[in-house]
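A quick write-up on the structure given underneath.
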Amino acid sequence: MSDVSTQCTLGIVKPDAVASGRTGAIVAHLQQAGFTLRAARLVRLTPAQAARFYEVHAGRPFYNDLVAFMTSGPCLPMVLERADAVAEMRKTIGATDPAEAAPGTIRKLFAESKSRNAIHASDSAENAAREVAFFFSESELAGLWGG
Ligand code: CMP
């Protein structure tokens, strides 16, 4: 599905940004930053799905609130492709806390707080593969692009 020099990562426009009508602006920002949108679907996560997606954070003090927030409304998981996608996406979205995010990053522009922070992105190539597969099947991705 991709050129050998490119990589895919998973992003999620989170429920706060979907509810406030920022989905289009965030996708446009990512495209302007050089990402190609390979797949996207508006979904409402169940508590079990959100708990599983964020299982690496299970036991942390914010975990229950994170699961509640991620199930509070629709979100938009998406597969994004470009050279060095995982690292470039982390740069493009900025620090977890918008107060610490660099100017011009998505979280600086669109996030309300550390917990309602507009967007998620995979933090490693290994997690990108796991997270893409969490939302999108191989055959679905291939079917979209005729691969
Ligand atoms: P995300 O990139 O989706 O990965 C885990 C999420 O947990 C993170 O963004 C934040 O939205 C959320 N979170 C809430 N509180 C904290 C915290 N104190 N430290 C790290 N992440 C937090």
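Order of appearance sets the numbers: ligands from 1, and atoms from 1 within every ligand.
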*Numbering the atoms of ligand 1 from 1, which are under 4.0 Å from a heavy atom of Leu66?*
6 (C), 7 (O), 12 (C)
*Aromatic ring centroids of His29 and Phe35 under 6.0 Å?*
no
*asked:* Is Phe69 close enough to touch ligand 1? Criterion: a residue heavy atom under 4.0 Å from a ligand atom.
replied: no
*Group every Ile, Leu, Val, Met, Phe, Trp and Tyr by side-chain heavy-atom contacts under 4.5 Å, then state whether Leu45 and Ile26 land in the same group.*
no
*Considering heavy atoms of the protein only, find what lies nearest to atom 4 (O) of ligand 1 and give residue, atom and distance to 0.1 Å.*
Tyr54 CE2, 3.6 Å
*Please write down residue, atom name and distance for the protein heavy atom closest to atom 2 (O) of ligand 1.*
Arg107 NH2, 3.1 Å
*Output yes when the distance from some N or O of ligand 1 to some N or O of Asn117 is under 3.5 Å, and no in every other case.*
yes
_Nearest-neighbour protein heavy atom for atom 21 (N) of ligand 1, which is reported as residue plus atom name and distance_ = Phe62 CZ, 3.6 Å
_Presence of salt bridge, Glu88 and Lys91, under 4.0 angstrom_ = yes
*Are Thr36 and Glu81 close enough, and set up right, to give a side chain to side chain donor-acceptor pair (under 3.5 Å), and what steps lead you there?*
CA-CA 5 Å; Thr36 299; Glu81 180 179 350; over 6 Å; no
*Taking the six-membered ring of Phe110, is NZ or CZ of Arg22 closer than 6.0 Å to its centre and within 45° of its axis?*
no
_Name of the residue among Arg44, Met70, Arg116 meeting side chain to side chain contact (heavy atoms under 4.5 Å, CB included) with Pro15_ = Met70
*asked:* Considering non-hydrogen atoms of the protein only, which is the closest contact for atom 10 (C) of ligand 1, and what is the distance?
replied: Lys114 O, 3.3 Å
*Can you tell which of Lys14, Arg90, His57 gets a heavy atom nearest to atom 5 (C) of ligand 1?*
His57
